[in-house]
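Worksheet: one structure, shown below.
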Amino acid sequence: MTDVDHMRLAIAIAWRSAGHTRPNPPVGAVVVKGHAVIGCGRHRRCGGDHAEVAALKDCSVSPAGATVYVTLEPCSKPGRVGACCDALIAAGVKRVVWACADPNPANRGKAARILRRAGIETSHGICEREAFELIRPFAKHVVTGLPFLTVKMAMSLDGRICDTAGTARWISSVASRRKTGLLREHVDAVMVGAETVRKDNPSLLCHTRRNDDLWRVVISRSERLPRRAQVFADEAKDRTLVFRDAEEAVRDLGRRGFMHVLCEGGMSLARSLAAKGLVDEWIAVLAPIVIGDGPLASAFRFPGADAISSYSTANLPDTGRKTSCLPD
């Protein structure tokens with residue numbers, strides 16, 4: 001296996017922690033000795049072992065002389081736990097490879113100097129783009145104090161997100177709803193507007209793999225919401241927040257340490273967030289149906305069509321924002 005293979009393994013391990021580590025980033029690490037993986041680890045949640053320490057503890061043999069692959073530059077200063085650079089030096093590893101630099105200015109670039117002074121070889125930039133996908137929310141939060149905000153919309157070919165009666169379930173397909181469930185696995189909070197709660201009564205929970213760290217956020221100017229709605233009555237009711245203003249909500253969530261927020265509707269809420277420059281990523285699910293002016297139940301569905309060609313404007317100049325499209 002190559003450096004790329006080992007780093008991709010570390011990235012795959014780290015993704016299991018996405019949505020659970022706030023305000024820390026999800027990080028994975030792999031320890032390799034004599035061409036064999038002898039230990040793996042990930043940062044599971046704030047206050048717990050960092051990935052490097054978890055991987056060193058997992059080693060089946062002594063990590064002395066080994067190479068450690070980690071998705072993010074090792075921390076150089078103690079925080080809630082000890083500095084990872086110190087742990088790597090104490091373990092006697094020979095080489096440390098990381099994918100991307102720490103976006104935190106207090107730590108960025110220091111690991112290489114510390115480890116090299118201790119006689120440890122270092123290199124970085126392996127699978128950097130793939131690893132940065134893991135920490136995009138952390139990178140924004142640590143620099144701006146705001147969460148990374150993804151807006152996901154499901155719409156018909158004629159641009160409708162609901163019919164004239166306000167019915168939106170189900171414009172998208174089972175496959176696209178499963179992809180939404182995967183998104184909910186990896187975010188800190190799901191945000192919707194009041195009308196979505198009133199008309200659809202969604203749970204907003206993750207139905208693919210349970211995420212007990214996931215919060216629900218409802219934006220309601222009037223705060224007149226049905227108390228019997230799932231978000232106020234189910235087992236996760238203590239993880240529901242209500243705000244009168246969307247911008248206030250985003251800033252408050254940032255202060256609470258939330259790094260990634262997924263907004264699932266409606267259109268007025270999405271427009272409000274976009275107008276304030278708070279949206280970092282758009283995901284559009286285009287369903288192969290035409291709703292027109294009738295009820296959703298009678299919408300024309302194209303037989304045999306299960307995907308709409310996707311587009312990306314990830315390289316829009318000067319915005320830094322990304323738009324993607326999930327085929328329905």
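Values reported hereafter were calculated over all heavy atoms of this structure, with side chains retained and with hydrogens, waters and symmetry mates removed. Residue numbers count from 1 along this sequence.
There is a path of hydrophobic side-chain contacts, each under 4.5 Å, that joins Val4 to Val37. Residue Val27 is grouped with residue Val143 when hydrophobic side chains (ILVMFWY) are merged at heavy-atom distances under 4.5 angstrom, including chains of intermediate members. Using a 4.5 Å cut-off between side-chain heavy atoms of Ile, Leu, Val, Met, Phe, Trp and Tyr, with links allowed through other members, Val53 and Val70 fall into different hydrophobic clusters. Linking Ile, Leu, Val, Met, Phe, Trp and Tyr residues whenever their side-chain heavy atoms come within less than 4.5 Å leaves Phe148 and Phe138 in two separate clusters. In terms of hydrophobic clustering, with Ile, Leu, Val, Met, Phe, Trp and Tyr side chains grouped at heavy-atom distances under 4.5 Å, Ile135 and Leu146 are assigned to different clusters.
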Determine whether Leu262 and Lys152 satisfy the following criterion, side chain to side chain contact (heavy atoms under 4.5 Å, CB included), listing intermediate values before the conclusion.
CA-CA 7 Å; Leu262 172 64; Lys152 174 258 178 185; 3.9 Å; yes
How far apart are the C-alpha atoms of Glu247 and Arg251, what are their side-chain angles, what is the distance that settles it, and do they pass the salt bridge (Lys or Arg N to Asp or Glu O under 4.0 Å) test?
CA-CA 6 Å; Glu247 183 175 7; Arg251 297 191 182 282; 3.2 Å; yes
For a salt bridge (Lys or Arg N to Asp or Glu O under 4.0 Å) check, start with the C-alpha distance between Asp234 and Arg239, then their side-chain angles and the critical distance, and finish with the verdict.
CA-CA 10 Å; Asp234 62 18; Arg239 302 201 308 271; over 6 Å; no
After noting the C-alpha distance and the side-chain angles of Glu281 and Val151, does the key distance pass the side chain to side chain contact (heavy atoms under 4.5 Å, CB included) rule?
CA-CA 6 Å; Glu281 179 182 50; Val151 172; over 6 Å; no
Would Thr67 and Val93 count as a side chain to side chain contact (heavy atoms under 4.5 Å, CB included) here? Give the steps.
CA-CA 6 Å; Thr67 296; Val93 303; over 6 Å; no
Evaluate side-chain hydrogen bond (donor to acceptor under 3.5 Å, both in side chains) for Arg95 paired with Thr122, printing each intermediate quantity in order.
CA-CA 6 Å; Arg95 181 178 178 233; Thr122 68; over 6 Å; no
When you look at Val97 and Val68, which way does the side chain to side chain contact (heavy atoms under 4.5 Å, CB included) test go after all the steps?
CA-CA 6 Å; Val97 182; Val68 178; over 6 Å; no
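Of all non-hydrogen atoms in Ile219 and Leu269, the two that sit nearest each other are CG1-CD1, 3.9 Å. Heavy-atom minimum distance, Pro25 versus His43: O-CD2, 3.7 Å. Residue Ala14 comes nearest to Gly28 through the heavy atom pair CB-N, 3.2 Å, listed as atom of the first residue, atom of the second, then distance. Of all heavy-atom pairs between Ile13 and Gly41, the closest is CG2-O, 3.7 Å. Residues Cys127 and Ile11 approach most closely at CB-CD1, 3.9 Å, considering heavy atoms. In this structure, Glu73 and Asn107 approach most closely via the heavy-atom pair OE2-O, 3.3 Å.
Below 30°, between 30° and 60°, or above 60°: for Phe258 and Trp215 the angle between ring planes is above 60°, a perpendicular geometry.
Atoms CZ and CZ, on Phe243 and Arg221 in that order, are 16.0 Å from each other to the nearest 0.5 Å. In this structure, SG on Cys84 lies 11.5 Å from CH2 on Trp98, to the nearest 0.5 angstrom. Atom CG of residue Leu134 and atom SG of residue Cys100 lie 8.0 Å apart, to the nearest 0.5 angstrom. Between the CG atom in Asn201 and the OG atom in Ser203 there is a gap of 9.0 Å [rounded to 0.5 Å]. Going from atom OG of Ser76 over to atom CZ of Arg113 covers 8.0 Å, rounded to the nearest 0.5 Å. Taking CD1 of Ile114 as the reference point, atom CG of Leu88 lies at 10.5 Å (rounded to 0.5 Å).
Asn104 contributes a side-chain N or O that, together with a main-chain N or O of Ala106, makes up a donor-acceptor pair within less than 3.5 Å. Panel note: side chain Lys140, backbone Pro147; a donor-acceptor pair is recorded below 3.5 Å. A donor-acceptor distance shorter than 3.5 angstrom exists from the side chain of His141 to the backbone of Gly254, with no hydrogens or angles considered. Using modelled atom types, one side-chain atom of Asp5 and one backbone atom of Thr2 make a donor-acceptor pair closer than 3.5 Å. With hydrogens and angles disregarded, a donor-acceptor distance shorter than 3.5 Å links the side chain of Asp280 to the backbone of Leu149. Thr71 contributes no side-chain N or O that, together with a main-chain N or O of Ala99, makes up a donor-acceptor pair within less than 3.5 Å. With Lys94 contributing its side chain and Ile120 its backbone, the two residues share no donor-acceptor pair below 3.5 Å.
Side-chain contact between Asp3 and Met7 is absent, with no heavy atoms from C-beta onward closer than 4.5 Å. Using a 4.5 Å heavy-atom cutoff, the side chains of Val242 and Phe232 are in contact. Residues Leu241 and Val218 have side chains not in contact (no heavy-atom distance under 4.5 Å, counting atoms from C-beta outward). Side-chain contact check for Cys75 versus His50: some heavy-atom pair is nearer than 4.5 Å.
A salt bridge links Glu130 with Arg8: the closest approach of a Lys/Arg side-chain nitrogen to an acidic carboxylate oxygen falls below 4.0 angstrom. Remark: Glu133 engages Arg136 in a salt bridge, criterion side-chain N to carboxylate O under 4.0 Å.
Counting only residues at least two apart or in different chains, salt bridge (Lys or Arg N to Asp or Glu O under 4.0 Å) contacts with residues 40-52 comprise Arg45-Asp213, Asp49-Lys57.
Between the side chains of Thr21 and Asn24, not a single donor N or O lies within less than 3.5 Å of an accepting N or O.
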Please list every donor-acceptor pair under 3.5 Å in which a side-chain atom of residues 183-195 meets a protein atom from a residue at least two apart or in another chain.
residue	atom	partner	partner atom	Å
Arg184	NE	Glu264	OE2	2.8
Arg184	NH1	Leu205	O	2.7
Arg184	NH2	Glu264	OE1	2.9
Arg184	NH2	Glu264	OE2	3.2
Glu185	OE2	Thr208	OG1	2.6
Glu185	OE2	Arg209	N	3.4
Asp188	OD1	Arg22	NH1	3.2
Asp188	OD2	Met259	N	2.8
Asp188	OD2	His260	N	2.9
Glu195	OE2	Arg198	NH1	2.4

